[in-house]
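Notes to accompany the following structure.
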Amino acid sequence: MDGIEIFVNGQARDCSRTSPHTRLLDWLRAEGLTGAKEGCAEGECGACAVLVARPDGPEGSRWTSLNSCLPPALAFDGQEIVTAEGLGTAAGPCSGEDLHPVQREMADRGGSQCGYCTPGFICSMAAEYYRPDRRPGQGRKETGSREVGEQHATDHECGPNGFDLHALSGNLCRCTGYRPIRDAAYALGNPLDADPLLDRQNRPAPPVKHTRTGGGAQFLRPETLGEALKVMQESPEAKLVAGATDLGVEVNLRHSRPPLLLAIDRLEELRTLSFDDGRVEIGAALTLSEVERGLDGRLPLLAQLFPQFASRLIRNAATLGGNLSTGSPIGDSAPALLAMDATVVLCSLDGEREVPLSEYYTGYRQSVRKPHELLRAVRIPLPLAESTAFYKISKRRFDDISSVSAAIALQVADGVVNSARIGLGGVAATPIRAFATEESLTGQPWTADTVATAAGVMAGEGTPIDDMRASALYRQAMLRQALLKFHAEKATALEAAK
C-alpha cells in the first residue's frame, strides 16, 4: 500500500495504512479534521460534506461537494480535497480575513446555532459559490422554446446572485431553520480574481492514480476496462465502486465488508456521452451531475428527473450505471429510461451485448447481467417523443425515495396517439413498463375519455403492496392520477398537434 496519499487543504497526507473499508469521513477525522460530522451515515443530511476537485473538461476542474460518509478513503488516492477547515485558509490571503466569504456570510446572518451541520452547509455553499456559470441575475436561461443548463427545471430556485438554492438540497438543519441560511447564500458575491480556489479551477483536475493494495481486503483501481473485466472474470466476488452512494450505506448500516473493492468510476470507456443520428449514449460511470450538464436539457424527460433525484450532493457522486445495477424497484432513473425505450450495453471479456431495459430485470434486485459482466453504457434511441413527464410521489419533495414514480412519453399526430411508453417504479419487485396501459392508448384518439379508460388500466399495473412508504390502494390511486394529470397538463400542447 506504498505511495497512497490524499491532498487535503493543500497538504499531502499519507493514506497507505488505511483499510479499503475506511470511509473518507473517518479517515479525515482521524487526521484531526473534525469539521465534517456523521449525521445519518446514508448521505441524506450533508453534515459530512467536503469539496473535491473534479474534472471539468480537459483543461479545467470544478470544486464539487460530496458526502464523505459514503465513499472509501482510498478512492481519493492522489486527489485534492478541501474541508471546512481549509476554506478560510485558502481564501484568507485574497480576502484579507481569516474566514472564507461563505463562512463570513453564514456567521453574519445567523446561519448557525448548534453548528453540527454548519461545516457541511458551508462546503455545499462553496461549491455553488465557485460554480463556473453562476452569474448575478442569471435566473433562467432559454434557447428558443427550450430551457437549458442547470436552471432548466422548474424546481430550481435561484437568488439575485445566481445562487441555485438546490445546491443545498442534501444538507439538513435541525435548529436554525433555513431562512438565514438562504439569506447567506443569496448575499454572496462573485469570488475575487485572486482567490486561489477560483484559480485552481483553471487547471486540470488531478490525474487518476491506479491504486492497488495488498493484504486482506483489497482496493483496486484498474488502468483499463480490459483489466477491470479480467478482475471480474477471476474474482466474481469483487464489489464495483463508482459513487459508492449505495455501497456506502451497505458498509455503514449493514456492516458489509467486501473482500475486493474494484473502482471503475474513472475508466474512460465508461465516461462517454455522445449523440448521433440514431441514439444518445451515456457512459455508466458519469455522475448524474455530469450527465445533467452534458445533456444540457436536450433530453427533457431526464431534465425533469434530475432535480428530483436525491440531492445535489448525491448526484455529484451517483452514476446512472450504479442506479440501474442495484436493481431497486424505487430507483428513479429506471422508469424514465423505460419510457425512453432505453437499452443497456453489457460488456465482458467475451465482448458486448445490448439488452432492452424492459428485459433487463428478472426479479427483486436481480437482472440478466452476469457476475463477470459490466454495465458500460445506456443507449436512448432518437427521435424522442414530443410529450413527456416524470412524476415522483414521495413524503418529501426533495432528497427522498419514491412511493410511486411514473414516466410517460407520448407521440400524438392528427389527434391520435401514435405511440405510448410508460415506465413505473414502486409498484412491483422491479421497475416495469406499463404495457397494458400503452396498448390501451396506442391508436386511440387523444381525448379525456381515452385517458380516463387508460388511467383505470394503469391503476392495475404491477403488484403494489402495503409498506411504510404507502399503501397498495394509495399507489393504485397515484398511478391513475398520474395519467390524468399528464392529460391535464399536456392537453393544450397535444391538441395543437392535431
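For this chain, numbers begin at 1 and follow the sequence in order.
Around atom NZ of K230, no more than 12 heavy atoms belonging to other residues, nucleotides or ligands sit under 6.0 Å away. Counting heavy atoms of neighbouring residues, nucleotides and ligands inside a 6.0 Å radius, atom CZ of R254 does not exceed 12 of them. Surrounding CZ of R365 are more than 12 heavy atoms belonging to other residues, nucleotides or ligands, all under 6.0 Å away.
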Q.
One pair to check against side-chain contact (heavy atoms from CB on, under 4.5 Å): Y364 and T430. What are the steps and the verdict?
A. CA-CA 6 Å; Y364 179 70; T430 68; 5.7 Å; no
- [ ] Show your reasoning for whether salt bridge (charged side-chain N to carboxylate O under 4.0 Å, His left out) applies to E80 and R200.
- [x] CA-CA 11 Å; E80 297 177 27; R200 176 64 187 84; 2.9 Å; yes
**Prompt:** Are T272 and I282 close enough, and set up right, to give a side-chain contact (heavy atoms from CB on, under 4.5 Å), and what steps lead you there?
**Reply:** CA-CA 6 Å; T272 58; I282 304 172; over 6 Å; no
- request: Please test T83 against V8 for side-chain contact (heavy atoms from CB on, under 4.5 Å), starting from the C-alpha separation and ending with a verdict.
  value: CA-CA 7 Å; T83 68; V8 185; 4.1 Å; yes
**Q.** Derivation and outcome, salt bridge (charged side-chain N to carboxylate O under 4.0 Å, His left out), residues E128 and R134
**A.** CA-CA 8 Å; E128 178 65 9; R134 182 179 68 87; 5.3 Å; no
Determine, step by step, whether I432 and Y361 satisfy the side-chain contact (heavy atoms from CB on, under 4.5 Å) criterion, reporting the C-alpha distance in whole Å, the side-chain angles of both residues, the deciding distance to 0.1 Å, and the verdict.
CA-CA 9 Å; I432 62 171; Y361 297 109; over 6 Å; no
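Side chain of S235 to main chain of M232: no donor-acceptor pair is present (N/O by atom type, distance under 3.5 Å, no hydrogens or angles). A donor-acceptor pair is defined here as one N or O able to donate and one able to accept, closer than 3.5 Å; such a pair exists between the side chain of K392 and the backbone of D400. The backbone N or O of Q304 sits less than 3.5 Å from a side-chain atom of Q308, completing a donor-acceptor pair. T224 places a side-chain N or O within 3.5 Å of a backbone atom of E227 that can act as its donor or acceptor partner. Looking only at distances, no side-chain donor or acceptor of T245 sits under 3.5 Å from a matching main-chain atom of I314. Remark: the backbone N or O of P55 is not paired with any side-chain donor or acceptor of R62 at under 3.5 angstrom. At least one donor-acceptor pair closer than 3.5 Å links the side chain of S61 to the backbone N or O of R203. In this structure, N67 contributes its side chain and A49 its backbone to no donor-acceptor pair below 3.5 Å. Remark: side-chain polar atoms of R13 are not paired, donor with acceptor, to backbone N or O of F7 under 3.5 angstrom. N252 places a side-chain N or O within donor-acceptor distance of the main-chain N or O of C69, the cut-off being under 3.5 Å.
Cation-pi geometry between R298 and F275 is satisfied (NZ or CZ under 6.0 Å from the ring centre, within 45° of the ring normal).
Side-chain contact between H21 and P258: present, with at least one pair of heavy atoms (C-beta onward) separated by less than 4.5 Å. Residues C15 and W27 are in side-chain contact: their nearest non-hydrogen atoms beyond the backbone lie under 4.5 Å apart. Within the 4.5 Å cutoff, no side-chain heavy atoms of T319 are placed close to those of L286. By the 4.5 Å heavy-atom criterion applied to side chains, L261 and L220 are not counted as neighbours. At a threshold of 4.5 Å between non-hydrogen side-chain atoms, the residues Q201 and D199 do not count as touching. V241 places a side-chain heavy atom less than 4.5 Å from the side chain of L247. Within the 4.5 Å cutoff, side-chain heavy atoms of V368 are placed close to those of V355. Inter-residue side-chain proximity for C347 and L229 is flagged as met; some heavy-atom pair is nearer than 4.5 Å.
Here the CG atom belonging to L260 is positioned 11.0 Å from the CD atom belonging to E234, to the nearest 0.5 angstrom. With values rounded to the nearest 0.5 angstrom, Y360 atom OH is found 3.5 Å from S367 atom OG. With rounding to the nearest 0.5 angstrom, the OH atom of Y186 is 4.0 Å from the CG atom of L165. Rounded to the nearest 0.5 angstrom, R315 CZ and L320 CG are separated by 13.0 Å. Taken to the nearest 0.5 Å, the CG atom of D332 stands 6.0 Å off from the OG atom of S405. Distance check, rounded to the nearest 0.5 Å: CZ of R369 to CG of L374 gives 7.0 Å.
Of the charged side-chain nitrogens involved, none lies within less than 4.0 Å of a carboxylate oxygen, so that D56 and R54 do not count as a salt-bridged pair. Using a 4.0 Å cut-off between a side-chain N of Lys or Arg and a carboxylate O of Asp or Glu, R379 and E354 qualify as a salt bridge. Comment: R376 engages E281 in a salt bridge, judged by a side-chain N to carboxylate O separation of less than 4.0 angstrom. Of the charged side-chain nitrogens involved, at least one lies within less than 4.0 Å of a carboxylate oxygen, so that E373 and R353 count as a salt-bridged pair. Ion pairing of R271 with E290 is present here, as a side-chain N (NZ or NE/NH1/NH2) and a carboxylate O approach within less than 4.0 Å. Between D77 and R221, none of the side-chain N atoms (NZ, or NE/NH1/NH2) sits under 4.0 Å from a carboxylate O, so this pair counts as no salt bridge. A salt bridge is defined here as a Lys NZ or Arg NE, NH1 or NH2 lying under 4.0 Å from an Asp or Glu carboxylate O, and D26 with R23 meets this definition.
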Output side-chain donor-acceptor pairs under 3.5 Å for residues 168-175, partner residues at least two apart or in another chain, one line each.
from : atom 1 : to   : atom 2 : distance (Å)
S169 : OG     : H166 : O      : 3.0
S169 : OG     : R312 : N      : 3.3
N171 : OD1    : S124 : OG     : 2.8
N171 : ND2    : G46  : O      : 3.2
N171 : ND2    : G120 : O      : 3.2

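Contact between L302 and M340 at its shortest, heavy atoms only, is CG-SD, 4.0 Å. P72 and P20 make their closest contact through CB-O, 3.3 Å (heavy atoms, listed as atom of the first residue, atom of the second, distance). Between A407 and A336, the closest heavy-atom pair is CB-CA, 3.5 Å. In terms of heavy-atom proximity, L305 sits nearest to S333 at CD2-CA, 3.9 Å. Scanning all heavy atoms of the two residues, the minimum distance from P222 to A228 falls at CG-CB, 3.7 Å. For L87 against L51, the heavy-atom pair with the smallest separation is CD2-CD1, 3.9 Å.
Taking the six-membered ring where tryptophan is involved, the planes of F121 and Y178 are tilted, since the angle between them lies from 30° to 60°.
The salt bridge (Lys or Arg N to Asp or Glu O under 4.0 Å) test applied to D350 returns no partner, not counting sequence neighbours. Every residue two or more places apart in sequence or in another chain was checked for a salt bridge (Lys or Arg N to Asp or Glu O under 4.0 Å) with E223, and none qualifies.
Annotation: Y129 is in aromatic contact with H100 [ring centroid separation under 6.0 Å].
Under 3.5 Å, the side chains of S289 and N316 contain a donor-acceptor pair of N or O atoms.
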